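Note that the structure is predicted; figures quoted are calculated from it, not measured. One-based numbering along the sequence shown.
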Amino acid sequence: MFACCLLFSANLYSEEDKIGKVFQIEQEKQGELLWKKAEDSFVDRKYERCVQELKLFLTQTFRHPREMDARKLLSKAYLKLRDTRALAKNELQIYKDFPHTEAGLASYLESAKALVKMGREEEAQDIFLDITKNHYSSRIVQEAELEMKQLQILKENEK
């Protein structure tokens, strides 16, 4: 009797595993369709629609292989729409999701630049300082140092 129950539970477990894999495959297909629609909208200069498609993509797919691409395209769409606040928020989210990558660090820098455009220089200064002291990419560190110098020059000219 015990062997029969054990065999039945092992069979049930393998069925659940198969269902999980099918679900994952279907979720990736769904994500690819949403990604393609968003990309086509961006190419057609329908940035509002692109933003909506990408938001749908990001909420309906979890850790999809194109998540970084979707976030980057979302930033481009926000830039085209001149939505600096949404751009800064999205770039910061990229950094939070991918903090140990070059693209994530570049997004952290971009979020600081967007904060400067919004007039939030103190927050941007903190990010620039964090990048120069705590990160490994020399190219991005140099860019952050340059941005800090430019920010200081602007402050001195305002006085």
Next on the checklist: What I want to check is whether the side chains of Glu145 and Thr132 have a donor and an acceptor closer together than 3.5 Å.
Outcome noted: no
Checklist entry - Within the distance-only criterion (no hydrogens, no angle test), does the side chain of Thr101 pair as donor or acceptor with the backbone N or O of Gly104 below 3.5 angstrom? => result yes
Item to check | Spatial distance of atom CZ (Phe57) from atom CD (Glu32) [nearest 0.5 Å] | outcome: 7.0 Å
Next on the checklist: Can you give me the closest heavy-atom contact between Val116 and Ala124, atom names plus distance?
Outcome noted: CG2-CB, 3.4 Å
Checklist entry - Are side-chain heavy atoms of Asp83 and Val51 found at a separation under 4.5 Å? => result no
Next on the checklist: Tell me whether Trp35 shares a hydrophobic cluster with Leu33, the cluster being built from Ile, Leu, Val, Met, Phe, Trp, Tyr side chains joined at under 4.5 Å.
Outcome noted: no
Next on the checklist: Which residues pass the ring pair (Phe, Tyr, Trp, His ring centres under 6.0 Å) test with Tyr47, not counting sequence neighbours?
Outcome noted: Phe42
Checklist outcome for this item: All heavy atoms of Arg85 vs all of Met118, minimum pair found to be CA-SD, 3.6 Å
Next on the checklist: With clusters defined by side-chain heavy atoms of hydrophobic residues (ILVMFWY) lying less than 4.5 Å apart, directly or transitively, does Leu73 cluster with Met68?
Outcome noted: no
Next on the checklist: Can you classify the ring geometry of Tyr95 versus Tyr108 as parallel (below 30°), tilted (30 to 60°) or perpendicular (above 60°)?
Outcome noted: parallel
Checklist entry - Between Ser107 and Glu91, is any side-chain donor less than 3.5 angstrom from a side-chain acceptor? => result yes
Checklist outcome for this item: To the nearest 0.5 Å, atom NZ of Lys37 lies from atom CG of Leu56 at 7.5 Å
Checklist entry - Considering only heavy atoms from C-beta outward, does the side chain of Pro65 approach that of Glu28 to under 4.5 Å? => result yes
Checklist entry - Out of curiosity, Lys117 NZ to Arg82 CZ, how far, rounded to the nearest 0.5 Å? => result 10.5 Å
Checklist entry - With the threshold set at 4.0 Å, does a side-chain nitrogen-carboxylate oxygen contact exist between Glu26 and Lys29? => result yes
Checklist outcome for this item: One should read off an interatomic distance between Asp40 CG and Arg49 CZ, to the nearest 0.5 angstrom, of 9.0 Å
Next on the checklist: Salt bridge or not between Glu67 and Arg63? Use side-chain N to carboxylate O under 4.0 Å.
Outcome noted: yes
Checklist entry - Can we say Arg139 and Glu143 salt-bridge, meaning some charged N sits less than 4.0 Å from an Asp/Glu carboxylate O? => result yes
Checklist entry - Shortest non-hydrogen contact from Ser75 to Asn90? => result OG-ND2, 2.7 Å
Next on the checklist: Measuring from atom NZ of Lys72 to atom CD1 of Ile94, what distance do you get when rounded to the nearest 0.5 angstrom?
Outcome noted: 4.5 Å
Next on the checklist: Tell me the closest heavy-atom pair linking Ala114 and Leu87, and the distance in Å.
Outcome noted: CB-CD2, 4.4 Å
Checklist entry - Do Leu105 and Val141 sit in the same hydrophobic cluster, where Ile, Leu, Val, Met, Phe, Trp and Tyr count as joined when their side-chain heavy atoms come under 4.5 Å apart? => result yes
Checklist entry - Which heavy-atom pair separates Leu58 from Ala70 by the least distance, and what is that distance? => result CD2-CB, 4.2 Å
Checklist entry - If you count the non-hydrogen atoms of other residues, nucleotides and ligands that lie under 6.0 Å from CD in Glu48, is the total more than 12? => result no
Next on the checklist: Can you pull out every salt bridge (Lys or Arg N to Asp or Glu O under 4.0 Å) where at least one residue sits in residues 123-134? Sequence neighbours excluded, please.
Outcome noted: Arg120-Glu123
Checklist outcome for this item: Distance col, row Ser41:OG vs Leu54:CG, nearest 0.5 angstrom, shows 8.5 Å
Checklist outcome for this item: Shortest non-hydrogen pair, Ile131 vs Ala144, comes out as CG2-CB, 3.7 Å
Checklist outcome for this item: Residues passing the ring pair (Phe, Tyr, Trp, His ring centres under 6.0 Å) test with Phe128, sequence neighbours excluded, are none
Item to check | Single-linkage hydrophobic cluster, 4.5 Å side-chain cutoff, Phe98 and Ile127 together | outcome: no
Next on the checklist: Tell me whether Arg45 at atom CZ has more than 12 heavy atoms from other residues, nucleotides or ligands lying less than 6.0 Å away.
Outcome noted: no
Checklist entry - If Ile, Leu, Val, Met, Phe, Trp and Tyr residues are connected whenever their side-chain heavy atoms lie under 4.5 Å apart, and connections chain through other members, are Leu34 and Tyr78 in the same group? => result yes
Checklist entry - Between Glu121 and Lys113, is there a salt bridge with N-O shorter than 4.0 Å? => result no
